[in-house]
J.: 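Can you read through this structure? Questions will come right after.
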Amino acid sequence: MAESPEPLDFLDVDHLLTDEERAVKDTVHGWVADRVLPGIDGWFEAGEFPLEVAKELGAMGLLGMHLSGYECAGANAVSYGIACLELESGDSGFRSFVSVQGSLCMFPIWRFGSEEQKQRWLPPMARGEVIGCFGLTEPDAGSDPARMRTSAKRDGDGWVLSGTKMWITNGSVADLAIVWANTDEGIRGFLVPTDSPGFSAKDVHRKLSLRASVTSELVLDEVRLPADAVLPEVTGMKGPLSCLFEARFGIVWGAMGAARACFQTALEYATTRVQWGRPIGGFQLTQRKLADMAVQLNTGTLLALHLGRMKDEGRLLPQHISMGKLNNVREALTIARESRSILGASGITLEYPVIRHMNNLESVLTYEGTSEIHTLIVGEALTGLRAFE
Ligand SMILES: Cc1cc2nc3c(=O)[nH]c(=O)nc-3n(C[C@H](O)[C@H](O)[C@H](O)COP(=O)(O)OP(=O)(O)OC[C@H]3O[C@@H](n4cnc5c(N)ncnc54)[C@H](O)[C@@H]3O)c2cc1C
């Protein structure tokens, strides 16, 4: 038979990876096959995240993977991206867990923390022994977090924090919350141990998306913190935005993992499901769907790799990430929906992973900057005109 491209890696993107990057891919792929795929339907249905995997993720070096020192793996950006892709091919909840821990919680400590804060928190977080959450969004401040109401007031030597944070991943299971609050000097980041008096977390229930992930409301009722609870090296929105920059990079890759899982399922189904006496993959309309999906999957993966190489070269700008997140999450959702249609009625149950990924991707489209916000960031970069407000 004539040589033909590999359906799941049509453009041979694998060839562009280093041996080390390929090793990360194989390790995480294998772990997802062993530890995520057998249990994910049950966790999704029950609305649970299996927290016991945190230490396994830590042992694989995936927590704070792209940071150096303090027991972090010090991997390059592309390796981190590949890990996100493979994790999200299992479920977006697992990639979310790793993103929140590494990019949203460990990164600000690593980048803006004091030496004492780094020594105290980063090693146990890298091992998965201390779980973090990132509190930026509030009930009345989502896309426009600068208008947050949570405040931190100086009280003698220390601080008193008051306010409510909403939609916080890992909120009720976290040991440490990174809370962004308004102070007299502007927005600052605080390290809040979740056993502090006045801190409480309540889970959001009845979610139909990202069910294998904990989402909570945080209440800070006059939480007293010592002077050294504040991240000393940053003031203003630059703090939380630089964390989001890191996490959005992981999403650019992760979305392609969810898309690949959907495409793979649809392709297998299309070649085995028979109607009108032949596999439905033999009909032109199905082939058009599959070909479009393959184009989107391959271009999205190449885009992720391109942004990863730019990040490793220190050339990546926030606007580049916005273009990546905008394209890859949007295309992943299109792939998920097209895959769902190829599966017909079978596509609506948890028997196949497609509708689970599709529902998860609705959250991914919204968090870390909605698609509209990333459109406006790209629009501003193109025109020099700001259209947010
Ligand atoms: C599962 C999940 C987990 C999350 N985890 C975290 C977390 O760990 N930590 C955290 O801090 N937050 C978290 N979030 C919150 C998330 O970041 C916010 O939901 C997101 O920023 C959007 O805010 P919002 O939901 O309040 O929507 P809104 O800001 O109210 O937006 C509603 C709609 O209006 C549109 N819109 C807003 N402004 C404009 C504009 N200027 N022009 C055009 N359209 C506009 C939006 O794009 C959107 O379509 C999570 C959310 C989800 C769903």
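Note that the numbering runs from 1 along the sequence shown for the chain. In listed order, ligands and their atoms are each counted from 1.
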J.: In the structure I gave you, are the side-chain heavy atoms of Trp31 and Val36 within less than 4.5 Å of one another anywhere?
T.: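 In short, these two side chains touch, coming nearer than 4.5 Å.
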J.: Any idea which of Leu136, Thr137, Leu218 brings a heavy atom closest to atom 12 (N) of ligand 1?
T.: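 Nearest option to atom 12 (N) of ligand 1, by heavy atoms: Thr137.
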J.: So how far is it from Thr301 OG1 to Leu11 CG, rounded to the nearest 0.5 Å?
T.: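 Atom-to-atom, Thr301:OG1 and Leu11:CG are 9.0 Å apart.
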J.: Considering only heavy atoms of Thr370, which atoms of ligand 1 have at least one such atom less than 4.0 Å away?
T.: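 It comes down to these atoms of ligand 1: 22 (C), 46 (C), 47 (O).
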J.: Do Glu246 and His66 pass the side-chain hydrogen bond (donor to acceptor under 3.5 Å, both in side chains) test, and can you show the C-alpha distance, the side-chain angles, and the key distance before you say yes or no?
T.: CA-CA 10 Å; Glu246 297 297 314; His66 59 310; 3.0 Å; yes
J.: What protein heavy atom sits nearest atom 26 (O) of ligand 1, and how far off is it?
T.: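 Residue, atom and distance for the closest contact: Gly142 CA, 3.3 Å.
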J.: Of all the heavy atoms in Glu368, does at least one lie under 4.0 Å from an atom in ligand 1?
T.: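 For ligand 1, residue contact (heavy atoms, under 4.0 Å) with Glu368 is present.
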J.: Considering only protein heavy atoms, which is closest to atom 39 (C) of ligand 1, and at what distance to one decimal place?
T.: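 The answer is Ile373 CD1, 4.0 Å.
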J.: Which atoms of ligand 1 have any heavy atom of Thr366 under 4.0 Å away?
T.: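 Counting atoms of ligand 1 from 1, those under 4.0 Å from Thr366 are 19 (O), 20 (C).
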J.: Is there side-chain contact between Ile342 and Leu267, with heavy atoms separated by less than 4.5 Å?
T.: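 No - every pair of side-chain heavy atoms lies 4.5 Å or more apart.
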J.: Do other residues, nucleotides or ligands put more than 12 heavy atoms under 6.0 Å from the CD atom of Glu351?
T.: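 It does not: Glu351 CD has 12 such atoms or fewer within range.
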J.: Considering non-hydrogen atoms of the protein only, which is the closest contact for atom 2 (C) of ligand 1, and what is the distance?
T.: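 In this structure, atom 2 (C) of ligand 1 has Tyr367 CD2, 3.7 Å as its nearest protein heavy atom.
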J.: Before signing off on this row, confirm whether Ser143 and ligand 1 have an N or O atom pair separated by under 3.5 Å.
T.: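 N/O-N/O distance under 3.5 Å: yes.
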J.: Residue-level breakdown please: for Leu376 versus ligand 1, do any non-hydrogen atoms fall below 4.0 Å on the side chain, on the backbone, on both, or on neither?
T.: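 Near ligand 1, Leu376 shows its side chain, while the N, CA, C and O stay back.
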